[in-house]
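Right, one structure below, let's go through it.
All values below come from the heavy atoms of this structure, side chains included, with hydrogens, waters and symmetry mates left out. Letters go in sequence order (proteins before strands), and every chain restarts at 1.
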There are 6 protein chains.
Amino acid sequence: MTDTILVINPNSTERVTAGIDRALDPLRMTGGPSIVCHTLTEGPPGIERQADVERVTLPLARLVRERSEDCAAFVIACYSDPGLHVCREATPRPVMGIAECGLLTALTLGERIGVISILDRSIPRHLRQIRQHGLSDRFAGDLAIGLSIAELGDDDRVLARMSEVGRELRARHGADVLVMGCAGMARFKRRLGEAVGLPVVEPTQAAVTMAIGAVRLAKAQ
Amino acid sequence: MTDTILVINPNSTERVTAGIDRALDPLRMTGGPSIVCHTLTEGPPGIERQADVERVTLPLARLVRERSEDCAAFVIACYSDPGLHVCREATPRPVMGIAECGLLTALTLGERIGVISILDRSIPRHLRQIRQHGLSDRFAGDLAIGLSIAELGDDDRVLARMSEVGRELRARHGADVLVMGCAGMARFKRRLGEAVGLPVVEPTQAAVTMAIGAVRLAKAQ
Amino acid sequence: MTDTILVINPNSTERVTAGIDRALDPLRMTGGPSIVCHTLTEGPPGIERQADVERVTLPLARLVRERSEDCAAFVIACYSDPGLHVCREATPRPVMGIAECGLLTALTLGERIGVISILDRSIPRHLRQIRQHGLSDRFAGDLAIGLSIAELGDDDRVLARMSEVGRELRARHGADVLVMGCAGMARFKRRLGEAVGLPVVEPTQAAVTMAIGAVRLAKAQ
Amino acid sequence: MTDTILVINPNSTERVTAGIDRALDPLRMTGGPSIVCHTLTEGPPGIERQADVERVTLPLARLVRERSEDCAAFVIACYSDPGLHVCREATPRPVMGIAECGLLTALTLGERIGVISILDRSIPRHLRQIRQHGLSDRFAGDLAIGLSIAELGDDDRVLARMSEVGRELRARHGADVLVMGCAGMARFKRRLGEAVGLPVVEPTQAAVTMAIGAVRLAKAQ
Amino acid sequence: MTDTILVINPNSTERVTAGIDRALDPLRMTGGPSIVCHTLTEGPPGIERQADVERVTLPLARLVRERSEDCAAFVIACYSDPGLHVCREATPRPVMGIAECGLLTALTLGERIGVISILDRSIPRHLRQIRQHGLSDRFAGDLAIGLSIAELGDDDRVLARMSEVGRELRARHGADVLVMGCAGMARFKRRLGEAVGLPVVEPTQAAVTMAIGAVRLAKAQ
Amino acid sequence: MTDTILVINPNSTERVTAGIDRALDPLRMTGGPSIVCHTLTEGPPGIERQADVERVTLPLARLVRERSEDCAAFVIACYSDPGLHVCREATPRPVMGIAECGLLTALTLGERIGVISILDRSIPRHLRQIRQHGLSDRFAGDLAIGLSIAELGDDDRVLARMSEVGRELRARHGADVLVMGCAGMARFKRRLGEAVGLPVVEPTQAAVTMAIGAVRLAKAQ
């Protein structure tokens, strides 16, 4: 039977899940794990505030516990890595957080990581993440694109701001690799890389990559 | 056409390459990249001394340059990560070093990494690696199994010493995840984990995992 | 009106709250803030697992939001500092976590902090805390007393084990100041310090100390 | 009898001591320690140069030793924390340095600390402090207001420059909490915070806060 | 017999060796070690790319091994410190790398090191060096002068750009000591220091200094 | 005229100065700087307590200021590096501290430094030094030989204890280079190295080495 990697969007916006699903298509291989995206319907529409992060932790833990029999691994597809540790406690299966995996993957592509965030208010949380992972010496900076909800619906505007921010991370902060600090940005990856001239990591792709290995290796033992 | 990940054993011992090849079998998936192991015939029988490391850097660079057209990614399968940066300069393809990827993967499995090395003389080089990656705050310790060439041919003896060292890394150094600091140890992974009661990372498996993702994502852009 | 510092025990065990309350008695001053201890009735009996930590975050946030009008500051009296950031988001009042404050206070008393925990399973979480605070270079070690529930009811046994662990942190790990890594240990503080010969920080006392200052200074501005 | 916290201004300028005394008024509580400010008459008019710092260390040690019977704690109210360690050696009473306590308190208010200094020449000393405390990963930057003696007498000019510097620490260095790196600035605290939009720590207030706790807890044991 | 310190220019450009030789003249003392500069004729004209670095490692190791009888110490005079560790393995004599010694010497002159490089492409390698040495907390930044080959032949242009870069390292990155990140810049040292107003370390001079001590002390034991 | 490096023993014990003088003999070269040892007669017999450290700072500053015309550099020959910064403020000449230089020199000889101290009470001060220099990631440990005054007069006993401590630093703390953490130990250097099997740095020799370079290079500019 095919192993399933369940990629969970902790926010309840199906459009975001659809975008994640498309971004993961390259990682689907005939003989490889099945990559299934799941929307956490109990989740808020978006995860912006710390309260949103906390809101989804136990629902995520419940989900991974319930699905431990039929899923081989789990990916939490929100850059806050909400519930990463409670999920790891809840299941013997591998659990990957996209921020953790995104940052780790970036280390194979550059010396100093720049993170592009959507909201300024996420940055303190991201800084705590960087320190928590012990990656302070590999961190260049984290800047937000600072767009309103309306602007966020305009892809050209979003790409333009991401490119501006990416160039600032490069020029002022010394970043030589970028991590897109949000799960819904995958479609910009290539154009962002071209605009800034730096490698770009899409964190959900990074996490599913590591999950595929974990699943295949667990089978083998 | 199938993408090929070329996994290069920089030492010239075919038996080691065969062991690596077997260890990578779980990562072979229909529809996924072809994983081909290659022995660097110009390499020394084993890479033990810094001179051995230096000896293989340019041959590795030449190989990856020559194979850039027909290979989609390269893995340097020696825990010294010899030539990692000159290979990245030599090819536009992704290049993974097994120590780098092994350490990064360990970070998803534990708080503090213990490395089990074969030779005491490798430890200073490994310490420089840890610092170079900026992972000092995630590092518990690195100990060698310290066996003679004769003993290294006795699998039971090797496993026993690896288990002793793993337990020491756990008890005295606070390690909660182990990385096997040598490319030829894959066959001990499961039993080592059972003996010590800690997750174990086999670094070539970690590197090929990350290479698979890099290859599949490069195709997609 | 007297300002109130609400010290919240996120576990539902009143006996623990009573112990915290007694430990804070020295910080009650006639003209100073009123220190009121509160048991989070929705909380689990004890906070041992990550799921317990997650379980109390939103109830804590709700509580601090509801009490923001009549309380001047909040202290989360569990060494996991559960919900510290969501509580800071939920109220404009100062919020202190006892681990954060305990560690910071320890820095005024010694060069290298040793943490005495109750459970081994808490240690990975504590290690993430240390890194998250950026205090890795001031950290000696964290060891658990490893007693069963029955033994934990025996104060002499608990003190004996805490003293053993404290001495090990001193002798083997180089600790020169101890932080008691649990909110229910205040009654052992003096005897532990005498047994080990090191200063001991009781983290709830440290947090309430910092809260008193925050409250008094907020009044003044 | 009321415990006395002796807050020592190591420079001989009474006007500065008076300013410190006013800034500490909110921390005076009926039933709490008596906060008494003391001018070190042997001290220089201002502590600007390293020689000024060294000049006051032994006088401070003598003072704390002499006053150990009638004082319960000591605060060294100069941002250089002069003599902090020799004072701790000289008395069994708690001794707090305002820079140490200011930085530690800032950690409860933000992710990255910006320090506003008076003189450029103090900055190297402050940088050594940050590293000595092990707080490099929590440090954004330290900038001086760079005013002449005449300008320093003009409160409006001082506040304007402090605000400019605070905004630069925020915008260019990523600071999200400010510490006023001098003992004589308390009167600017609120307005500086409003001008920059960041929390501001007045370090003498931070130190007396921690001293109050230390005194009350020492009584209790 | 006079002890000889062999200072090896790993690139084959005699003009560079001559410049190094002149720069070392102040360190020649009667009764002191003889300082002899040597051009590695097998080396490339310049060391710019990682492949250039790797190309010289084994030739350097061979050279130091062959010369171990008649030389008392070796200095590798290229800021990449190529072959530093394989050379230390190859000879019982002291081996100094100019980057390592330059950075260490800079620590006696300032709090935060700024490195002036010739090529942008060297900067990632220099960043890995900084981390490998464990000096991240003492590092301000590394910027390249970014001149073309033609411009590099114009000393006035080089000095002007080095001064610009030095001022930027000072003003924007907080550097208070500069290290010239290339072995051929010694002639600019004094003027650069005057232009920027910071101490400047010429790394080959730093390395020969440390080698002199090592040689004299080895004689004495 | 010969340049003079004034090596100052801040304690008033001439026997110690004589031992330092003998240890520096190998660094005397006919055409090199004159190395003159000086006893600070105002100093205490030994520098053991923080008060001893503070006692000598201003006398050292006065001395270096007075001797700036006739001396080319100064070395503070006490492992506490007392007055290092006030001396650097007092003179335009280079000033070296033996701990700073000893630690930096050790970095060219090993990955992780072990410091052998005389007194336990010095260790907290040494730990602050390590952090202040930003060398935490290169530090293995600091242990004291813990002998009484009587035993300290017995060279065989001292060497035996130093060797024990050195071996413990190696075996338990992972040190691969030792620094003798006191200025009076030079005569044990060779035998200690042989007993432990590690390179040993005598810090006054390290500091004078760096001073020789500084003096010769200052002449040249």
Side-chain angles (χ1 to χ4, degrees), chain A residues 2-3 22-33 84-85 88 94-97 100-101 103-113 131-139 186 189-191 193-194 199-202 205-221, chain B residues 2-3 22-33 84-85 88 94-97 100-101 103-113 131-139 186 189-191 193-194 199-202 205-221:
Chain A
T2 314
D3 295 304
R22 278 190 302 271
L24 297 176
D25 219 36
L27 296 172
R28 292 181 167 103
M29 295 166 276
T30 313
L84 178 60
H85 298 288
R88 285 176 173 164
V95 182
M96 302 295 174
E100 180 174 65
C101 294
L103 293 167
L104 296 178
T105 298
L107 296 189
T108 67
L109 296 168
E111 300 302 327
R112 290 187 294 199
I113 300 170
R131 293 194 311 263
Q132 206 194 120
H133 292 304
L135 298 181
S136 293
D137 289 343
R138 296 300 291 272
F139 177 65
K189 178 179 167 185
R190 184 183 53 78
R191 288 171 290 166
E194 289 166 357
V200 177
V201 175
E202 201 291 311
Q205 293 173 339
V208 171
T209 292
M210 296 185 85
I212 288 171
V215 166
R216 297 294 300 182
L217 295 168
K219 281 171 81 73
Q221 301 225 108
Chain B
T2 314
D3 296 304
R22 279 190 301 271
L24 298 175
D25 219 36
L27 295 172
R28 292 182 167 103
M29 296 167 275
T30 313
L84 178 60
H85 298 288
R88 285 175 172 164
V95 183
M96 300 296 174
E100 181 174 63
C101 294
L103 293 167
L104 297 176
T105 298
L107 296 187
T108 67
L109 296 168
E111 301 301 327
R112 291 187 295 197
I113 301 170
R131 294 195 310 263
Q132 206 193 119
H133 291 303
L135 298 181
S136 293
D137 289 344
R138 296 301 292 271
F139 177 64
K189 179 179 167 185
R190 183 183 55 76
R191 288 170 290 167
E194 289 167 356
V200 177
V201 175
E202 201 290 310
Q205 294 173 340
V208 171
T209 292
M210 296 185 86
I212 289 170
V215 166
R216 298 292 301 181
L217 295 167
K219 283 171 78 75
Q221 298 228 106

Requested in this report: Can you tell which part of B/R88 gets under 4.5 Å to a heavy atom of chain A, answering side chain, backbone, both or neither?
Outcome: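 Just the side chain, heavy atoms under 4.5 Å.
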Query raised in the report: So what's closer than 4.5 Å to chain A heavy atoms on B/Q132: side chain, backbone, both or neither?
Result: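 Only the backbone of B/Q132 comes within 4.5 Å of chain A.
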Query raised in the report: Do A/L217 and B/E202 have side-chain heavy atoms sitting under 4.5 Å apart?
Result: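 They are not in side-chain contact.
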Query raised in the report: Is there a side-chain contact between A/I212 and B/M29 (heavy atoms, below 4.5 Å)?
Result: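 A/I212 vs B/M29: side chains touch.
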**Report entry** Rounded distance [0.5 Å steps], CG in A/L104 versus CD in B/E100
**Finding:**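 Answer for the CG-CD pair, A/L104 versus B/E100, is 10.5 Å.
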Query - Interatomic spacing from CE in A/M210 to OG1 in B/T209 - rounded to 0.5 Å - result: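 Reported value, rounded in 0.5 Å steps: 8.0 Å.
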Query raised in the report: If you look at every heavy atom in B/R138 and A/H133, which pair is closest and at what distance?
Result: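 Scanning both residues, the minimum pair turns out to be NH1-O, 3.0 Å.
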Query raised in the report: Between A/V208, A/V95, A/T108, which has the largest tally of heavy atom pairs under 4.5 Å with chain B?
Result: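 Going by pairs under 4.5 Å, I would pick A/T108.
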**Report entry** A/R216 side chain to B/L27 backbone, donor-acceptor under 3.5 Å
**Finding:**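 Side chain of A/R216 to backbone of B/L27: no pair is present.
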